[in-house]
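Single-structure report; data block below.
Chain identifiers are assigned alphabetically (A, B, ...) following the order of the sequence lines, protein sequences preceding nucleic acid strands; residue numbering begins at 1 within each chain.
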Amino acid sequence: MEGRQRARDIYRQALPVVLLSLVAGLFSGTLLGTETMRTSIERVPGILLLLPAFLATRGGVYGSLGARLSSGLHQGVIPPQITLDRRIVNAIVASFVNGITISVFIAIITYLTLLVSGAGGDLVRLVGIMLVAGGLSAVLMLSVLVVVVFVGYRRGLDPDNLIGPVVTTLGDVFGVAFLLVGIRAVEVIL
Amino acid sequence: MTSPSDGSSPGPPQEPSSVSPEWSVQHIVRTMIPLLAALSVLQLVSGSVLEGYEATLLRYPALLVLVPVQIGTAGNLASIMCSRLTTQLYLGTYEPTLSNPGVRANVVAVFALAATVFSAVGVAAWALGAVLGGGLDLGRVLAISLGSGMLLAVLVVTTSIVAVEASYRVGLNPDDTTIPIVTNVCDVVGVVILFGVVTLVL
């Protein structure tokens, strides 16, 4: 009947986005389950502790940049081209600062939690891992997001509908990978 | 707030001095950092759960495969549900009861989505886990993913309705505040539910 038809429509509209994020999630889960990653989890205390925060805050940092650019475009206060417009540059710089700051913050609260629970962590190592992982995430997410928002807008798509799936999918696919790069890089340097 | 020349005149690209404070680096950083910091602290709760189950996770890679999906999907479903209820609120067709046709259609859709997604996730996690060297059979992985997934659907539906209703009564715009909060709460509780079910099944 009418109600059933309505539920079916919602299901059909939502399924592609949910399935896309599922595939991305499975990809990062598979990386998490690899021998290399399992060894790192065992060797570096705090990796599992910081994982959810690291994966989740990137949505907050870059999702909000997307929403800001999109509102600016809709209101006409920023030009629809990727230029050195003050507002565009400011929004990007601020997101980069936010991404790096919050990565360091996550390393610090993870260290403090380990300290309280008596597990004993290494602050320098955790900060180093998060700086590498957070920095790589920032560069990738910022460049892809800016291109998607502006190109999408010029092609007549509403950026608001693109930002969510793009941020979630990229974040999932590259999040664990960059974390692994961070662990390796710090291992080599320290 | 805004300088007279701000954005309103159709002219060449703005001079630095004409950029309104809302688009300044300091303003964006200052408004975002407290929220991001609070969310990170909240996410430490799921991190602690993961850390507590470290030995189990390392022994059964299929469970590690499940973790990122589980972290993301609950929040995803919650944000779909919340934005739909919010739209209904603006259109004036919302009421906080399951007998409301719009609310009921959303609830049915969320349960159907959860059943689809978490069955697929169970099979995929079992197969990937087997390749990665795990010792969990399909039945148990499926029981974990589908069991926790359906409990998640209950959580998503309840939290979304409560949050949209609460933000309406308090006078907050649900689009700005409710969705980020509900998404993160569902993500955290999602991990807690996952490991509750893991404990029951293993």
Side-chain angles (χ1 to χ4, degrees), chain A residues 2-4 6-8 10-11 14-15 17-19 21-22 25-26 28-30 32-35 37-38 41-42 46 48-53 55-57 59-61 64 68 72 76-77 79 83 85-87 90-91 93-95 97-98 101-102 105-106 109-110 113 164 168 172 175-176, chain B residues 7 13-16 19 23-25 28-29 32-33 35-37 39-41 43-44 46-48 50-51 54 57-58 61-62 64-69 71-73 76-77 79-80 84 101-102 104-106 108-109 112-113 116-117 120-121 124-125 128-129 132-134 180 184 187-188 191:
Chain A
E2 201 229 338
R4 194 177 290 178
R6 222 160 137 184
R8 201 170 292 156
I10 302 171
Y11 179 89
L15 194 61
V17 176
V18 175
L19 284 182
S21 87
L22 181 149
L26 282 176
S28 84
T30 308
L32 205 56
T34 55
E35 189 72 46
M37 193 67 197
R38 277 184 281 158
I41 292 172
E42 252 180 328
L48 286 177
L49 195 52
L50 60 75
L51 181 74
L55 291 182
T57 48
V61 175
S64 79
R68 185 177 295 276
V77 297
T83 57
D85 175 80
R86 268 319 270 198
R87 289 180 178 80
N90 281 357
V93 170
S95 300
V97 173
N98 282 342
T101 311
I102 210 66
F105 178 75
I106 291 171
I109 57 175
T110 301
T113 311
T168 330
D172 272 352
V176 177
Chain B
Q14 300 78 6
E15 294 301 310
V19 171
W23 286 87
S24 78
V25 175
I28 301 175
V29 171
M32 287 299 297
I33 287 292
L35 177 71
L36 293 168
L39 292 180
S40 308
V41 172
Q43 293 289 344
L44 265 194
S46 20
S48 307
L50 292 183
E51 192 86 2
E54 187 177 310
L57 284 168
L58 292 176
L64 272 178
V65 176
L66 276 180
V67 166
V69 180
I71 290 178
T73 310
N76 242 329
L77 292 177
S79 111
I80 292 170
R84 300 194 61 96
R104 201 192 307 162
N106 278 306
V108 172
L113 284 168
T116 314
V117 170
V121 167
L128 292 166
L132 294 166
N184 278 280
D187 282 347
V188 171
V191 172

Let me know if A:R68 has heavy atoms under 4.5 Å from chain B in its side chain, its backbone, both or neither.
both
Of all heavy-atom pairs between A:G25 and B:P68, which one has the smallest distance, and what is that distance?
O-CB, 3.7 Å
Chain B heavy atoms under 4.5 Å from A:T57: which part of the residue, side chain, backbone, both or neither?
both
Which region of B:N106, side chain (C-beta onward) or backbone (N, CA, C, O), has a non-hydrogen atom less than 4.5 Å from a non-hydrogen atom of chain A, or is it both or neither?
both
Who wins among B:V108, B:I33, B:I80 for the most heavy-atom pairs under 4.5 Å with chain A?
B:I33
If one checks every heavy atom of B:V188 against chain A at 4.5 Å, the contacting part turns out to be neither
Heavy atoms, side chains only, cut-off 4.5 Å: are B:V191 and A:P52 in contact?
no
Closest heavy-atom pair, A:L48 versus B:E54, reported as atoms and distance to 0.1 Å, is CD1-CG, 3.7 Å
Given the options B:L44, B:V67, B:L77, B:L39, which has more heavy-atom pairs under 4.5 Å with chain A than any of the others?
B:L44
Identify the two heavy atoms, one from B:T116 and one from A:Y11, that lie closest to each other, and give their separation to 0.1 Å.
OG1-OH, 2.6 Å
Close side-chain approach of B:N184 and B:Q43, heavy atoms under 4.5 Å:
yes
In short, A:R6 meets B:G102 closest at the heavy-atom pair NH2-CA, 3.3 Å
Identify the two heavy atoms, one from A:G175 and one from A:L55, that lie closest to each other, and give their separation to 0.1 Å.
CA-CD2, 4.1 Å
Under a 4.5 Å cutoff for heavy-atom pairs, which residue among A:V18, A:N90, A:V93 has the most contacts with chain B?
A:N90
Among A:L19, A:L32, A:L15, A:N98, residue most engaged with chain B (heavy-atom pairs, under 4.5 Å):
A:N98
Toward chain B, the part of A:E42 with a non-hydrogen atom under 4.5 Å:
both
Report yes if some heavy atom in the side chain of A:L22 is under 4.5 Å from a heavy atom in the side chain of B:T73; otherwise report no.
no
Can you name the closest pair of heavy atoms from A:R38 and B:L64 and give their distance?
CG-CD1, 3.7 Å
Under 4.5 Å heavy-atom distance to chain B, tell me which part of A:L51 shows up: side chain, backbone, both or neither.
side chain
Tell me, side chain or backbone of A:I106 under 4.5 Å from chain B's heavy atoms, or both, or neither?
side chain
Under 4.5 Å from a heavy atom of chain A, the part of B:L128 involved:
side chain
Below 4.5 Å, heavy-atom pairs only: which of B:L113, B:V69, B:D187, B:L35 has the largest tally toward chain A?
B:L113
Which atoms of A:S64 approach chain B - backbone, side chain, both or neither, heavy atom under 4.5 Å
side chain
